[in-house]
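Both backbone and side-chain heavy atoms feed into the values below; hydrogens, waters and symmetry mates do not. So you know, we letter chains A, B, ... as the sequences are listed, proteins then strands, and number each from 1.
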Amino acid sequence: MTWNRRHLLTLEELSVAEIEQIHTVATAFKKVLGRSVKKIPALRGKTIVNLFLEPSTRTRMAFDMAAKRLSADVISFDAASSSTTKGETLRDTAENIAALGADMIVIRHNCAGSPLYLSNILDIPVINAGDGSHEHPTQGLLDTFTMRERLGPDLRGRRVVILGDILFSRVARSNIHALVKFGADLTLCGPSTLVPRSLEGLGVKVSHDLRSALADAEVVMLLRIQHERQTATMFPSLGEYTSMFGLNSTRASWLSPKAIIMHPGPINRGVEIDSDLADGDRSVILDQVTNGIAVRMACLFLCAGGNPASVTAGE
Amino acid sequence: MPLYHLTHARVIDPAAKRDEADGELFLRDGVFIARPSAAELKKAKKIDAAGLVAAPGLVDVHVHFREPGQTHKETIETGSRAAAAGGFTSVVCMPNTAPVADNTGTIQLIKDSASRSACVHVYPTGCITVGMKGQALAPIGSLKRAGVVAITDDGDCVQSNELMRRACEYAKMFDLSLMDHCQDHSMTVGAVMNEGALSVKLGLKGWPNAAEDLIVARNCILSEYTGAHIHMQHVSSRNAVEILRRAKSRGVRVTGEACPHHIALTDDCLATYDTHFKMNPPLRTEADRVAIIAGLKDGTLDILATDHAPHTPDEKDREFDLAPNGILGLETALAVSLEILVRQNKFKLATVIDLWTRKPAELLKLPAGTLAEGAPADLVLFDPDAEWTYDAKAGFSKSRNSPWHGQKLRGRVRQTFVSGKPVYADGKILAR
């Protein structure tokens with residue numbers, strides 16, 4: 001067993017063996033999700049609190065679902081209904097949740113580093129469900145899980161392109177760390193304001209030329225252009241973005257014939273991707289969502305101290 | 001007032017070009033005096049300063065004492081005690097209090113509080129603009145008459161070039177220096193650390209060097225155009241140092257300061273989102289750090305200053321984005337500057353003392369910075385090699401937000417005299 005962490009804060013700090021461990025456990029849990037009774041008693045009697053201090057639909061639902069599939073009790077807590085709007089500090093909120101007897105906290109926060117901060121305060125496991133523009137480790141884990149499912153387990157030398165708003169994207173950062181560890185041939189592409197050269201420091205290639213970036217790629221991962229985070233200075237308009245970097249059928253033809261198209265959602269149809277591609281044969285966007293349950297089950301299970309051998313026997 | 005007779009000190013007074021291995025000093029009636037008669041000396045209080053350096057009391061032209069209005073962080077009393085413990089005898093307070101010091105009433109309040117409660121000399125500054133909002137000139141002439149030693153919108157930066165130009169012209173009429181916190185706001189919205197490889201990795205909004213460089217260049221241009229003296233506070237960018245160097249070589253009346261944290265630390269310290277390394281301008285790269293030290297060495301940067309900025313533990317114990325900027329500096333400044341400049345970069349001890357004494361005093365024409373006869377008897381005695389562990393909780397500031405908490409430092413203040421009276425000795429503040 002390679003897993004001996006209590007918290008899941010970043011993919012930067014995980015080893016390849018640890019990521020593979022999560023994927024192995026997720027594979028076992030994915031089988032459970034295919035059964036008629038989609039539930040196992042692994043975390044029965046445990047209480048998981050989803051502390052979502054930034055709006056989220058799919059990630060929160062996926063964590064909710066994952067915890068319930070493991071028979072944990074789940075309490076979800078969001079900014080609008082919480083005492084943080086009354087001025088309570090994150091420390092006090094977290095200590096109160098721990099005092100209520102929670103066994104684990106899943107946190108989403110718009111400030112980078114907040115999960116690390118919580119992990120230094122609390123004795124219970126902290127799972128990062130997205131911190132500002134920093135990391136979204138479970139998304140990176142489910143994305144690489146999906147890639148390995150489709151391309152085979154060995155990602156060494158496989159051509160992957162992440163296209164879009166990298167600068168503000170926690171999804172991109174977590175995927176970059178995981179894919180670099182797996183040895184993938186990773187290119188980041190998009191407008192120079194959103195894909196600055198300084199990203200090369202993370203050990204990846206940066207390109208502003210869509211054609212050469214997409215040529216023969218086996219995976220293209222699109223990131224949402226996040227209007228709400230950007231001022232008008234980052235690019236001229238959504239229309240110009242689409243005309244320069246949007247994925248359409250012509251540009252998709254530059255990809256390897258067997259390439260898969262990924263997107264962490266939510267999609268802006270007609271902006272970063274045309275509808276027929278998002279819904280087409282090469283799209284694995286909904287597989288990502290499904291895999292997200294199994295991967296998050298694995299993360300919760302391992303951080304709660306679950307024995308992987310008990311679920312992966314026979315894998 | 002008693003006569004003090006200090007013996008066996010290494011006396012360093014850069015203003016008088018004095019550096020004696022076994023020197024004497026005489027203090028009486030608030031000033032340094034010439035050797036008194038033998039009869040008088042018999043009655044003097046003797047201080048054997050063997051093994052210690054005796055230097056002019058240090059001068060810090062950049063502190064935040066939070067009074068009025070933010071006295072939960074610091075007061076003039078607690079701040080002045082931290083100053084004395086760090087060997088500082090004259091400090092210049094920034095005007096970003098609550099209310100801001102843009103009016104003579106607030107200046108008077110600061111002076112009254114200082115005369116009641118401060119154990120070192122405390123000088124106020126006034127704002128450049130009303131409310132520090134950068135839109136209209138503060139009553140600079142009245143502020144000068146009320147006793148400010150400079151004007152600044154520190155913590156903020158006048159963005160309008162037109163307004164800054166007029167502030168220069170107007171302040172020059174009163175021979176008043178402008179001190180500027182150089183930051184282009186439009187390039188630093190939401191910025192919390194240096195923009196670079198690490199900010200990209202941590203997902204924190206970056207504060208680019210260029211935002212500092214632009215304003216430093218702007219100020220050089222305006223100083224040259226108007227003839228006013230503009231002092232660049234806490235220079236943190238290597239390009240800003242170079243811009244200053246070129247302007248000074250043309251004789252432009254600009255000066256620059258460096259802070260201990262910018263010569264000792266880099267943005268690598270932020271890898272764990274520790275808010276005790278969050279300040280504005282931010283810690284930058286190794287290349288910037290080295291360039292600032294080079295700027296101090298060749299005189300491009302004129303002085304050292306702490307930017308002592310207290311915040312309570314609760315205020316710093318937050319998400320990184322939400323924690324306030326600023327760290328304590330007064331109690332660690334001497335040790336840190338000795339370590340970085342003297343031990344690591346081979347500055348002469350007298351040069352570093354000059355950066356903390358004569359030069360800042362001359363910058364704002366303060367009556368300080370020398371051990372010469374007749375000068376105010378402001379004095380620090382320190383052991384340059386004494387090792388100690390800094391405990392911010394046991395310090396004299398009301399706050400504890402220091403990146404050096406728990407660190408081993410070398411160089412410790414033993415005694416501080418203000419106007420001929422001992423105010424600090426061996427870990428204790430003495431009665432005012």
Side-chain angles (χ1 to χ4, degrees), chain A residues 9-13 53-54 84 87-95 107 109-121 128 130-136 166-174 176-177 180 188 194-204 206 229-234, chain B residues 72 184-211 214 237 266-278 282-288 311-325 400-401 405-406:
Chain A
L9 304 176
T10 67
L11 290 194
E12 186 192 0
E13 66 188 353
L53 301 173
E54 186 187 70
T84 55
E88 189 174 61
T89 63
L90 181 57
R91 172 187 285 273
D92 286 334
T93 301
E95 285 180 345
I107 180 174
H109 198 304
N110 62 359
C111 294
S114 304
L116 174 65
Y117 171 80
L118 269 201
S119 73
N120 289 330
I121 294 172
N128 181 3
D131 61 328
S133 300
H134 179 218
E135 281 224 37
H136 191 351
I166 312 283
L167 185 61
F168 293 97
S169 174
R170 53 190 170 218
V171 174
R173 280 174 184 73
S174 285
I176 289 166
H177 289 303
V180 167
L188 309 178
L194 296 176
V195 189
R197 287 273 159 204
S198 49
L199 286 161
E200 287 172 344
L202 299 174
V204 298
V206 167
R229 285 186 196 226
Q230 280 147 25
T231 58
T233 57
M234 300 306 279
Chain B
H72 59 293
D184 182 304
H185 291 173
S186 70
M187 291 182 75
T188 52
V189 176
V192 294
M193 73 171 286
N194 181 49
E195 179 174 295
L198 193 63
S199 68
V200 165
K201 193 167 91 171
L202 295 177
L204 292 172
K205 184 83 190 331
W207 193 139
N209 287 45
L214 279 167
S237 154
T266 65
D267 64 356
D268 288 343
C269 298
L270 293 161
T272 60
Y273 300 89
D274 186 338
T275 60
H276 289 95
F277 295 90
K278 181 181 179 185
L283 297 177
R284 298 201 188 273
T285 64
E286 180 64 11
D288 294 294
H311 296 291
T312 66
D314 286 346
E315 290 167 333
K316 276 292 199 183
D317 181 20
R318 298 216 59 180
E319 297 91 322
F320 192 87
D321 280 333
L322 306 180
N325 286 308
R400 303 170 184 172
N401 51 314
H405 171 64

*Asks:* Check B/E319 against A/S114 and note the closest heavy-atom contact, atom names and distance.
*Replies:*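 That would be CG-OG, 3.4 Å.
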*Asks:* May I have the step-by-step check of side chain to side chain contact (heavy atoms under 4.5 Å, CB included) for B/R318 and A/L90, ending in yes or no?
*Replies:* CA-CA 7 Å; B/R318 298 216 59 180; A/L90 181 57; over 6 Å; no
*Asks:* Kindly state whether the ring of A/H134 and the ring of B/Y273 have centres lying under 6.0 angstrom apart.
*Replies:*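 Judged by ring-centre distance (under 6.0 Å), A/H134 and B/Y273 do meet the cut-off.
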*Asks:* How many angstroms lie between NZ in B/K201 and OG1 in A/T10, if you round to the nearest 0.5 Å?
*Replies:*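 Those atoms lie 9.0 Å apart.
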*Asks:* To the nearest 0.5 Å, tell me how far A/S133 OG sits from B/K205 NZ.
*Replies:*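 Result: 10.0 Å between the selected atoms.
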*Asks:* Do you know which two heavy atoms are closest between A/A112 and B/D321, and how far apart they sit?
*Replies:*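 Nearest heavy atoms, A/A112 then B/D321: N-OD2, 3.9 Å.
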*Asks:* Write down the atom of B/T272, the atom of A/L116, and the distance for their closest heavy-atom approach.
*Replies:*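 Minimum heavy-atom separation between B/T272 and A/L116: O-CD2, 3.5 Å.
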*Asks:* Which residue out of A/R173, A/E12, A/H177 racks up the most heavy-atom pairs below 4.5 Å with chain B?
*Replies:*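 Ranked by heavy-atom pairs under 4.5 Å with chain B, first place is A/R173.
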*Asks:* Roughly how far, to the nearest 0.5 Å, is the CG atom of B/L322 from the CG atom of A/N110?
*Replies:*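 Between A/N110 CG and B/L322 CG, I get 7.5 Å after rounding to 0.5 Å.
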*Asks:* Count the heavy atoms of every other residue, nucleotide or ligand shown that sit under 6.0 Å from NZ of B/K316, and state whether that count exceeds 12.
*Replies:*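 Yes, enclosed.
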*Asks:* Does the A/Y117 side chain pair with the main chain of B/D317, one donor and one acceptor, at a distance under 3.5 Å?
*Replies:*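 Indeed, once roles are kept as given, a pair shorter than 3.5 Å links the two residues.
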*Asks:* Less than 4.5 Å to any heavy atom of chain A: does that hold for the side chain of B/D314, its backbone, both, or neither?
*Replies:*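 Neither part, no heavy atoms under 4.5 Å.
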